[in-house]
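The figures that follow rest on heavy atoms only: side chains count, while hydrogens, waters and symmetry mates do not. A, B, ... follow the sequence lines: proteins, then strands. Residue 1 opens every chain.
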Amino acid sequence: MENREVAAVFEEISNLMKILQDDPKWTFKAAAYDRAKRSIESYPERLEDIARDPNRKLTDIPGIGEDLAKKISELIETGQSRYHQEQLAKIPRSLLDLLQLQTVGPQKVRLFYKELNIRSVDELEAAARAGRLRNLPGMSVKSEENILKAIEVFRHAAGRFRLDTAFETAEELAAWLCEFKPVEQVTPAGSLRRGRETVGDLDLLVTGRDHPGTAEHFVKFPGVATILAKGEDKVSVKLKNDLQVDVRLLDRSAYGAALQYFTGSKEHNVALRDRAKRRGWKLSEYGLFHGDKVLARRTEEEIYAQLGLPWIPPELRENLGEIEAAEKGTLPKLVELRDIRGDLQMHTTASDGRASIEEMAEAAKQLGYQYILITDHSKAVTIANGLDEKRAVEHIRRIHAARQKVKGIEIWAGSEVDILGDGRLDYPDVLLKQFDIVLVSVHSRMTMLAEEMTARLLRALENPYVRILGHPTGRQILKRDPFAFDLEKVLDAAQRHGVILELNGSPERLDLCDRHVKLARDRGMKIIISTDAHAPEHFKLMRYGVTTARRGWMEKSGVLNTLPPQKLLASLRPLPR
DNA sequence: GCCGTTTTCGGCCCGACTGTTTTCAGTCG
C-alpha cells in the first residue's frame with residue numbers, strides 16, 4: 001500500500017470523527033489524524049519499507065504514535081483498517097462528498113444530516129433549491145445560494161483528476177504492465193500526454209507479443225476496482241480512486257497512427273484528418289491511407305511528414321494555431337525540463353517547509369541546479385508560521401551562513417511576501433531591500449471585487465523591491481477558481497515595472513495556467529517557473545510547470561530560470577539605488 | 001491520538017474572513 005493511500009484513510013477517519021463527534025475528544029483526535037495524514041503524505045520513504053525493516057520504527061515518523069503505527073501496519077498487511085470500516089459504517093458514504101463543497105465543513109455536514117437527513121450532494125442540492133436550508137441555525141438565503149454555487153463548482157470538477165495524480169498512476173500502471181514479459185512498450189496518450197492540468201481518464205497504449213495475456217495480467221493490477229470491458233484490443237477498468245483507465249493493445253506496425261490518434265486533442269485530429277482528406281487521403285487510428293495503400297503509420301513523425309508538417313509536440317495539439325505554425329515553419333522550440341537551472345520559490349522549516357536551507361540547497365545541487373531562492377512566508381500567513389521582521393532578518397543571516405556550508409550553488413535570500421488586503425506589503429521597504437529577490441503573492445481575502453483586487457495587485461507591483469509576482473491568479477485546480485481581477489491591467493503593470501510572473505509548477509496550482517502563459521508570451525513577457533517546494537522531493541514537480549509552459553508555447557528564451565545565475569539577476573527589475 | 005515532560009497526564013496553531021450575529025460559529029489556510 002502506497003503512502004498516499006494510507007494518508008487517504010487517515011484523512012477519511014479524521015473527517016468521520018468531525019462529522020460523528022462520538023468521542024468527547026474528537027477535535028483533538030481528528031487533528032492528530034490530520035497531522036499524521038500530512039506527515040505521511042510528504043514522507044520521503046515508503047511506509048512499507050520502514051514497517052518491514054526490523055531496525056526501524058514507524059513511530060519515528062512525526063505525528064505517528066503507537067496507535068497509528070498499528071493502524072498503518074494493519075493497512076499494509078490487510079489493505080484495510082477495522083477502525084476505519086467501523087466508523088464508515090455509521091454514516092452513508094456519500095455524506096463525505098459534501099466536504100468537497102466550498103463553505104461546507106464537517107459541522108455543516110453534521111447539521112444537514114441530523115436535521116434534514118441529507119445524505120448526498122444531490123439531496124443537499126434539492127434541499128437548497130426547495131429553500132429548506134435557510135431555516136437551519138446559522139443559515140440564511142445567502143448561505144443557501146453559496147451552497148448552490150459550490151455544488152456547481154463541485155459538479156464541474158467531478159470526474160477529473162489532477163495532472164500529477166494521472167501521471168503517477170500512469171507510471172505505476174506502466175511499471176505493472178512491464179512486469180509481464182511479452183509487453184514491449186507502454187505509452188500514456190490522451191490529455192496526460194498533452195500535459196493538460198486535469199485528466200478525465202487514462203489512455204495507455206501497449207505493444208507486445210501476447211495481447212490476451214497482457215489483458216489478463218493488467219486486470220490483476222491491485223488498484224483495479226471494477227472491470228468495465230475486456231476485449232481483444234481494449235481493456236477498460238475503473239481504479240479504486242475512480243480513475244478510468246483504457247488500455248489499448250496495439251500492433252507495432254501502426255503504433256504511430258494510434259499514438260497520434262489517441263493523443264488528440266479531438267480538435268487537432270479533426271483538423272489533421274481534414275488536411276488528409278483534402279489531399280484525397282484518409283487518416284485514422286490505423287494509419288494514413290491513399291485508398292488501400294498505407295502512406296504512413298509506423299511513427300508520428302512519418303504521419304506528420306507525409307502531411308507536409310514537422311512533428312508537433314503533444315502539448316501544442318489543441319488546434320489553437322499549431323498546425324498553421326507548423327505549416328509555416330514557425331513552431332516554437334519549446335522549453336524543456338533540462339533547460340531549467342534553478343528554482344525560485346521554496347519554503348524551509350523556518351515557515352511551513354519540511355527541510356532546512358542546507359537540505360534544500362543540497363537537493364537542488366544534486367539536480368544540477370546552479371541557484372535557488374529561499375522564499376519563506378511573511379508574517380501575515382500565520383498558519384504557515386510566517387516570519388515577522390525580527391525572524392526574517394535572522395533568516396537572511398542563516399541563508400548567508402548556508403552559503404559557507406553548501407558550495408557550488410548560489411543560495412539567494414528571498415521571501416514570499418504577502419500582499420495585504422489594501423495592496424501594501426507585509427514587510428517595510430527597509431526589510432525588503434535586504435533580500436536578494438522579493439516575490440509577492442496573495443493569500444487572503446480572495447473574494448474581493450475584481451476592481452478592488454486589481455487595484456490591490458497594481459499597488460503591490462509598484463513597490464520597487466518587488467521582482468516576482470507569485471501564483472498570480474490564486475487558483476487551486478479542481479478546488480478554487482482564480483480570484484476576480486483584470487489580468488490585462490496586471491500584465492500591463494508587470495511589464496511596465498519589469499516584474500516577472502511566476503508559473504507556479506505545483507500541480508495543485510499551475511498558476512499561471514497555459515492560456516495565461518500564452519498571453520504573456522504573445523506580449524513578449526518572460527516568466528519564471530518554480531515549484532513552491534516545501535520539501536526536497538517537491539523539486540521534481542518542475543516537470544508539471546515546464547509542461548504547462550510548453551502548453552503556453554514558451555521557449556527557453558522566455559523562461560528566466562533557464563539562464564545562468566548572473567544573467568538571471570541582470571534580467572530582473574533593477575533595484576532602487 | 002500525539003507529544004513532552006513540570007514523566008503518564010494536560011494541552012493541543014491560530015488569525016482572518018464570512019455570514020451570521022449583536023458577540024459568535026464555522027471555514028479556510
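- Ring planes of A:His377 and A:His534: tilted class, angle from 30 to 60°.
- Rounded to the nearest Å, the gap between the P atom of B:dT6 and that of B:dG11 is 15 Å.
- For A:Asp34 and B:dC12, the CG to C1' distance is 13 Å, given to the nearest whole Å.
- Comparing the same atom, P, in B:dT7 and in B:dG1 gives a spacing of 25 Å after rounding to whole Å.
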Please list, one pair per line, the donor and acceptor atoms closer than 3.5 Å that link side chains of residues 431-439 of chain A to other protein atoms, with sequence neighbours excluded.
residue: A:Gln434; atom: NE2; partner: A:Val430; partner atom: O; Å: 3.2
residue: A:Asp436; atom: OD2; partner: A:Arg403; partner atom: NH2; Å: 2.9
residue: A:Asp436; atom: OD2; partner: A:Ala413; partner atom: N; Å: 2.7

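- When the C1' atom of B:dC9 is taken as reference, atom CD of A:Glu66 falls 17 Å away, rounded to whole Å.
- In the set B:dG1, B:dC17, B:dT27, B:dT27 carries the atom at the smallest distance from any side-chain atom of A:Gln107.
- Look at A:Phe28 and the base of B:dC12; the rings stack, centres closer than 5.5 Å and planes less than 30° apart.
- The residue A:Asn385 sits apart from the nucleic acid: no heavy atom pair falls under 4.0 Å.
- With hydrogens and angles ignored, the 3.5 Å screen pairs a side-chain donor or acceptor of A:Asp511 with a backbone N or O of A:Thr473.
- Spacing between B:dT23 and B:dC28 at atom P, rounded to whole Å, works out to 26 Å.
- Aromatic ring centres of A:Tyr544 and A:Phe167 lie closer together than 6.0 Å.
- Taking atom P on both B:dC2 and B:dC13, the two are 15 Å apart, rounded to the nearest angstrom.
- Spacing of C1' atoms, B:dG10 relative to B:dT5, comes out at 11 Å, to the nearest Å.
- Nearest nucleotide to the side chain of A:Pro106, out of B:dG29, B:dT27, B:dG19: B:dT27.
- With rounding to whole Å, A:Ile61 atom CD1 is found 15 Å from B:dG1 atom C1'.
- Across all strands, A:Ser444 comes closer than 4.0 Å to no nucleic acid atom at all (heavy-atom distances).
- Taking for each of A:Met17 and A:Gly138 the nucleotide of DNA chain B with the nearest heavy atom, the 5'-most of the two is the partner of A:Met17.
- A ring-centre distance under 6.0 Å is found for A:Phe485 and A:Phe483.
- Proximity of A:Lys29 to the phosphate of B:dC12: no side-chain N or O atom is located under 4.0 Å from OP1 or OP2.
- For A:Asn146, no side-chain nitrogen or oxygen approaches OP1 or OP2 of B:dT18 to under 4.0 Å.
- Of the candidates B:dG19, B:dT27, B:dC2, the closest approach to any side-chain atom of A:Ala32 belongs to B:dC2.
- At least one side-chain nitrogen or oxygen of A:Arg445 sits closer than 4.0 Å to the OP1 or OP2 atom of B:dC17.
- The distance between atom NE2 of A:His84 and atom P of B:dG1, rounded to the nearest whole Å, is 14 Å.
- Glycosidic conformation, B:dT8: syn, with the torsion inside 90° of 0.
- Taking atom CD1 of residue A:Ile72 and atom P of nucleotide B:dC2, one finds them 9 Å apart after rounding to whole Å.
- With A:Glu144 as reference, A:Arg134 is the one residue of A:Arg129, A:Arg134, A:Lys149 to meet the side chain to side chain donor-acceptor pair (under 3.5 Å) rule.
- Looking at heavy-atom distances under 4.0 Å, A:Lys71 makes contact with sugar-phosphate atoms alone, never a base.
- One atom, CG of A:Asn15, and another, C1' of B:dG1, lie 16 Å apart when rounded to the nearest Å.
- As the counterpart of B:dC14, B:dG29 is assigned, both hydrogen-bonding distances of the Watson-Crick or G-U wobble pattern falling under 3.5 Å.
- Listed nucleotides: B:dT27, B:dG1, B:dG19. Nearest to the side chain of A:Tyr33: B:dG1.
- Among the heavy atoms of the strands lying under 4.0 Å from A:Pro62 are primed sugar atoms or P, OP1, OP2 only; no base atom is included.
- Paired with A:Glu394 under the rule salt bridge (charged side-chain N to carboxylate O under 4.0 Å, His left out), one option of A:Arg391, A:Arg398, A:Lys390 passes, and it is A:Arg398.
- Summarising the geometry, the separation between CG on A:Asp418 and C1' on B:dC28 is reported as 14 Å, rounded to the nearest angstrom.
- Using a 4.0 Å heavy-atom cutoff across all strands shown, A:Lys108 reaches sugar-phosphate atoms only and no base atom.
- The separation between A:Trp26 atom CH2 and B:dG11 atom P is 19 Å, rounded to whole Å.
- The P atoms of B:dG15 and B:dT8 are separated by 31 Å, rounded to the nearest whole Å.
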